[in-house]
Novice: 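Quick one: the structure is below, and I'll ask about it shortly.
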Amino acid sequence: RSSDLGRDYGQGVPNPSSQNVYGRVKVPNPGAHAFVPGMYASYNSPDGTYVNHSENYHQHSGGQPDAMGGAPYYYPTHTSSSAAMVAFPDVRVYTGPPSHVAHLTSTQTGYGMVEELRHDLIQRQIAGQSYVSSSSEMTDIPQELEGYHSLCPLEPTGKENGVGVFGCKTTCYKAINTKNSVTYALRRIHGFRLSSARSLQRVEQWKKMNHPNVVSLREVFTTKHFGDHSLVFTHDYHPGAETLANHHFNLRSIQQGGPTPPSSMGGARSSHSFSSGTPSTSTTTSLLPENLIWTYCIQLTAAVKAIHEQGLAVRALDVTKILITGKTRLRLNCVGIMDVLTFNQTPGPGALLVRHQHEDLMALGHILLALACNSLAANRQDQLHKSLETITLSYSPDLKNLIV
């Protein structure tokens, strides 16, 4: 046995059966196999039996001692019964801090990230890796689409998905680009056929738009992979994002045009439902804090200002088309879509620009009014007086003057 070990380990390597040492395994290509802790370690067990887990590596390397470039490998003679009982998960998800540092607070450690941020990053990673199950009934989703693959819907794809802001049925997917392996958000316009290539002129202007509060438009293309003539807009994908409507209002009430009860946010306001759809004038604890409204206002006005300076208009400034990422970061979504859909209805690109930009400012005021009153019903004509009264009693004059 000593001669066998000497032949396998090479000259000058001590016999592991007589000394408590760790055998060294030379890995010719570290990227070929994922390293699992304890898989390649060798040691002496308490009963004196020599255990070498490099057998696992031997099984992956083809079973030959000199299979990789003639380099010597340890050829195991024992099989550990405990090694076959250990299974490693296919999904690597952070399970929390180890026990020896779990009792320490962030001020004691002084390094690493807080648990809330770590949890948020993991949730984004999980959302970005979602896929359509093989047992799903979504058989109308193509496997590949004009240079994209692994399509996964981000919105309901059934008939209950109405026309919405754009006046036609749309569906949003996430997909991976074949060329750069980056995940993007694809907005499909159902049953739309381009009448002229001139309608894509504004797309080039939108592709140059780069702002931290605007979801960038990457490309626009047509396809028949869905069984009809569809127009697809490619925007940046932000995993884990939700719309302003989902975050602060009831989405079903928005779709039905009814009252919108608020949702809690960090304990800043208590749960309170508007049974009549009117803004509250007595319960100030149910309203959003003013500093949060100012945070939203600064971001929205900065995005709108940057778009208008480029000679463009948002034309889709709606609570269902504004994304929230992180805690309070806002991004205008679906930019550039209305410019393509309404091209035939526009006699000249510059003739209606001032009108469209004025409509953006009006829509911005409606959004701020709804946030201040915590209800979309605040924008109704018969509720404007009560809405202004709510703002006067609950917020500063500066915020009121801005909205009015």
Side-chain angles (χ1 to χ4, degrees), residues 89-96 112-134 136 138 141-158 161 164-165 170-189 206-207 209-221 232-249 251 254 263-266 292 295-296 299-300 303 316 318-337:
D90 295 333
V91 180
R92 273 70 175 177
V93 178
Y94 179 75
T95 58
M113 65 179 70
V114 296
E115 289 297 322
E116 183 180 2
L117 176 59
R118 181 182 289 107
H119 180 268
D120 181 62
L121 294 177
I122 292 176
Q123 292 299 321
R124 294 187 187 185
Q125 182 180 9
I126 294 175
Q129 295 177 353
S130 60
Y131 60 93
V132 177
S133 174
S134 57
S136 175
M138 300 179 185
I141 301 178
Q143 296 182 354
E144 294 186 1
L145 177 67
E146 306 294 341
Y148 295 89
H149 64 90
S150 303
L151 274 72
C152 181
L154 299 177
E155 296 177 349
T157 58
N161 193 14
V165 177
T170 66
T171 307
C172 188
Y173 305 87
K174 76 175 185 68
I176 302 176
N177 187 281
T178 305
K179 296 181 179 180
N180 54 18
S181 300
V182 177
T183 305
Y184 293 96
L186 308 182
R187 173 72 61 173
R188 173 197 172 195
I189 310 297
W206 280 110
K207 290 168 66 174
M209 187 68 203
N210 186 16
H211 193 272
N213 297 114
V214 177
V215 181
S216 300
L217 176 64
R218 298 303 178 182
E219 65 172 334
V220 181
F221 59 89
V232 180
F233 292 81
T234 303
H235 293 84
D236 285 344
Y237 172 59
H238 297 274
E242 61 178 341
T243 64
L244 195 66
N246 284 336
H247 196 75
H248 290 295
F249 306 101
L251 182 59
I254 294 176
S263 59
S264 61
M265 180 178 177
L292 179 61
T295 300
Y296 288 164
Q299 297 180 76
L300 293 176
D318 188 81
V319 291
T320 61
K321 299 297 178 286
I322 299 177
L323 299 182
I324 299 181
T325 58
K327 291 185 177 181
T328 58
R329 170 65 68 88
L330 298 185
R331 287 182 169 91
L332 301 185
N333 193 24
C334 300
V335 295
I337 295 182

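Please read all numbers here as calculations on a predicted model, not as lab measurements. Start at 1 with the first residue, then count along the sequence.
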Novice: Mind telling me whether Tyr184 and Tyr148 have parallel, tilted or perpendicular rings, with 30° and 60° as the class edges?
Specialist: perpendicular
Novice: One thing to verify: whether Glu155 and Arg187 come together as a salt bridge, which I'm taking to mean a side-chain N less than 4.0 angstrom from a carboxylate O.
Specialist: yes
Novice: Taking atom CG of Asn210 as the centre, does the number of heavy atoms from other residues, nucleotides or ligands within less than 6.0 Å exceed 12?
Specialist: no
Novice: So, does Thr178 use its side chain to make a donor-acceptor pair with the main chain of Gly147 at under 3.5 Å?
Specialist: yes
Novice: Could you tell me which non-hydrogen atom of Leu217 sits nearest to which non-hydrogen atom of Thr234, and how far apart they are?
Specialist: CD1-O, 3.4 Å
Novice: Check whether Asn177 reaches the backbone of Val182 with its side chain - one donor and one acceptor, N or O, closer than 3.5 Å.
Specialist: no
Novice: Could you tell me if the side chain of Arg329 sits less than 4.5 Å from the side chain of Leu323, heavy atoms only?
Specialist: no
Novice: Counting N and O atoms only, with roles assigned by atom type, does the side chain of His235 sit under 3.5 Å from a partner on the main chain of Val335, one being a donor and the other an acceptor?
Specialist: yes
Novice: What's the shortest heavy-atom distance between Leu145 and Leu186, and which atoms?
Specialist: CD2-CD1, 4.0 Å
Novice: Do you know the tightest heavy-atom contact between Ile322 and Leu300?
Specialist: CD1-CD2, 4.0 Å
Novice: If you look at every heavy atom in Phe249 and Leu244, which pair is closest and at what distance?
Specialist: CD1-O, 3.9 Å
Novice: Any side-chain heavy-atom pair from Pro153 and Val132 closer than 4.5 angstrom?
Specialist: yes
Novice: Give a yes or no answer on whether the side chain of Lys174 reaches the backbone of Gly128 with a donor-acceptor pair at less than 3.5 Å.
Specialist: yes
Novice: Does NE2 in His119 sit with more than 12 non-hydrogen atoms of other residues, nucleotides or ligands closer than 6.0 Å?
Specialist: no
Novice: Looking at every heavy atom in both Asp236 and Ala185, which two are closest together, and how far apart are they?
Specialist: O-CB, 3.9 Å
Novice: Do other residues, nucleotides or ligands put more than 12 heavy atoms under 6.0 Å from Glu144 CD?
Specialist: no
Novice: List the atom of Ala127, the atom of Pro239, and the distance in Å for their closest heavy-atom pair.
Specialist: CB-CB, 4.3 Å
Novice: Check Arg124, Gln123, Arg118 against Asp120 for a side-chain hydrogen bond (donor to acceptor under 3.5 Å, both in side chains) and give me the one that passes.
Specialist: Arg124
